[in-house]
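Accompanying notes for the structure given below.
In each ligand, atom 1 is the first atom listed, and ligand 1 is the first ligand listed. Note that these values count all heavy atoms, side chains included, but never hydrogens, waters or copies made by symmetry.
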Amino acid sequence: MPNKWTAADIPDQHGRTAVVTGANSGIGFVAARELTRAGARVVLAVRNAQKGAEAASTIQTAVPSAEIEVGSLDLSSLASVRGFAEWVAREHEGLDLLINNAGVMAASPRQKTADGFELQFGTNHLGHFALTGLLLDRMAGRDDARVVTVSSGAHRMGRIKFDDLQSERSYGRWRAYGQSKLSNLLFAFELDRRLRAAGSTVRSLAAHPGYAATNLQFAAAPRLDRMVMAVGNRLMAQSAEMGALPLLYAATYPGLEGGTYVGPDSFFEQRGHPKPVGTSPAARGEEAARRLWAMSEELTGLQFRITSDTSA
Ligand SMILES: NC(=O)c1ccc[n+]([C@@H]2O[C@H](COP(=O)([O-])OP(=O)(O)OC[C@H]3O[C@@H](n4cnc5c(N)ncnc54)[C@H](OP(=O)(O)O)[C@@H]3O)[C@@H](O)[C@H]2O)c1
C-alpha cells in the first residue's frame with residue numbers, strides 16, 4: 001500500500017462508468033472530477049440542473065478529455081429516484097461504480113421528503129437505499145463493480161430509533177443526522193453480506209471524508225450552528241480535495257474487500273490521507289442491519305433482487 005495515497009494513484013478507469021450522487025458540490029464534485037481524470041465516464045447525479053451544468057463545465061475545463069453527463073436525481077423523492085434509475089438503464093449498458101455521496105445535515109426545524117420521510121433519514125439513507133436497489137442489476141457481472149456509500153464520523157453518535165425512525169415523536173437535528181449516517185453504514189455492510197451470500201462479484205464498501213470544508217455545514221443547519229461551523233471550517237477542516245480521497249480510495253484501490261470502511265488517517269480521522277478505518281460496534285450489528293433493511297424495503301416499496309452475477 002502506498003504510504004500517502006492521493007488522487008494521482010487512482011488506477012486507469014477508461015471503459016468504466018460511474019454515477020456520483022451530489023456531484024455538483026463538495027467532495028462529490030472532487031470525486032467526479034478525479035474519476036473523469038482517470039478516464040471514467042461519469043454521471044453527475046444532481047437535483048439542480050443548473051448547478052449540474054456548471055459543475056460539468058468546470059470539470060470539462062479542468063479535464064478537457066472528460067466524458068461527463070448530468071442526470072436529474074432528487075433523493076428526497078422516490079419518484080425522482082425511480083426516474084433517474086430508468087434513465088441510467090436506458091442510456092448506459094452497465095454501471096461499474098455507484099457512489100452514494102449526496103447528503104444533508106442538521107436540518108432545522110424537522111422537514112419531510114416528498115414521500116413524508118424525515119428529511120435526513122429519507123435523503124441520506126432511504127433515497128440511496130432505493131437508488132442502489134434499482135441500479136444493482138446494471139452492475140452485475142461487471143469487472144470490479146463497487147457501491148461506495150458515504151457515511152460520517154457522526155455515525156458514532158447515531159442510534160436507530162426503530163420505534164420512531166422518522167423522528168415524529170421527538171426530533172433532534174444532530175440525532176437525526178447521526179441516525180442517517182449510522183443507517184448508511186448498516187446498509188453498506190448488510191449489502192456486502194447479501195452480495196457475498198448470493199455469490200455476486202459486486203462489492204459494497206463505505207467511506208467518510210473526515211472533516212472537510214464544503215457546503216454541507218451551511219445548507220440546512222440553523223444560523224447558530226452555521227456560525228459555529230464556519231469557525232470550525234477555518235480552524236480545523238481539511239479541503240474538499242482531501243475529503244474526497246477516502247471515497248476515491250474505496251472506489252478504486254485494487255483488491256479492496258467488500259465491507260471495508262475508509263477514512264482519513266490523521267487527527268482522530270478528521271484529516272489526512274485515506275486508509276481502512278474502524279466503526280462503532282453498532283455499525284457492524286447484523287440484527288439491526290437486517291431489521292433496518294426490512295423496514296427500508298417496506299418504506300420504499302422496493303424489494304432488492306440480489307443474485308449471483310451469472311444468473312442476473
Ligand atoms: N464535509 C464534511 O465534513 C463531511 C463529514 C462527514 C460526512 N460527510 C458526508 O459527505 C457527503 C457529501 O457532503 P459534502 O460535505 O460534500 O457536502 P455538500 O458540499 O453540501 O454536498 C452535498 C451534495 O448533496 C446534494 N444533495 C443534498 N440533498 C439532495 C437531494 N435531496 N437529492 C440529491 N442531491 C442532494 C447537494 O446538492 P445541492 O447542491 O443541490 O444542495 C450537494 O451536491 C454527505 O453524505 C455528508 O454527510 C461530509
Side-chain angles (χ1 to χ4, degrees), residues 19-33 43-56 70-81 83-84 99-107 111-115 117-128 130-131 148-158 174 176-185 187-188 206-221 226 229-230 232-233 236-248 250 261-264 267-271 277:
V19 166
V20 182
T21 70
N24 62 282
S25 173
I27 61 176
F29 169 78
V30 175
R33 189 194 64 213
V43 177
L44 311 183
V46 302
R47 62 174 163 175
N48 180 309
Q50 192 183 336
K51 286 185 186 177
E54 282 166 14
V70 179
S72 173
L73 170 70
D74 184 345
L75 288 157
S76 69
S77 155
L78 290 174
S80 172
V81 173
F84 175 78
I99 304 201
N100 289 328
N101 161 75
V104 59
M105 179 173 81
Q111 293 168 45
K112 290 194 279 188
T113 68
D115 305 286
F117 308 134
E118 184 280 317
L119 184 71
Q120 299 180 76
F121 184 71
T123 305
N124 302 354
H125 169 60
L126 290 175
H128 282 126
L131 180 67
V148 177
T149 300
V150 178
S151 180
S152 164
H155 84 269
R156 292 178 184 279
M157 67 176 183
W174 290 105
Y177 183 64
Q179 174 176 259
S180 76
K181 291 286 127 180
L182 177 56
S183 299
N184 284 149
L185 283 187
F187 164 63
H208 81 93
Y211 183 3
T214 64
N215 285 333
L216 188 72
Q217 292 85 13
F218 308 105
R226 293 203 302 268
M229 289 189 286
N233 280 11
M236 290 163 58
Q238 60 179 354
S239 64
E241 302 287 327
M242 288 299 293
L245 292 182
L247 282 66
L248 288 163
Y261 182 43
V262 183
F267 195 62
F268 304 101
E269 295 177 23
Q270 295 296 291
R271 55 195 307 125
V277 295

Do any N or O atoms from the side chain of N184 and from the backbone of N124 form a donor-acceptor pair under 3.5 angstrom?
-> yes
Do N100 and F187 touch side chain to side chain, with heavy atoms closer than 4.5 Å?
-> yes
Any sub-3.5 Å donor-acceptor pair from Q179's side-chain atoms to M157's backbone N or O?
-> no
Does T123 reach the main-chain N or O of Q120 with its side chain, forming a donor-acceptor pair under 3.5 Å?
-> no
Y261 and H208: aromatic ring centres closer than 6.0 Å?
-> yes
Residue contacts for ligand 1, heavy atom to ligand atom, distance under 4.0 Å = G22, N24, S25, G26, I27, R47, K51, L73, D74, L75, S76, N101, A102, G103, T123, V150, S151, S152, Y177, K181, P209, G210, Y211, A212, T214, N215, L216, Q217
Heavy-atom donor-acceptor pair, S239 side chain to M242 backbone, under 3.5 Å | yes
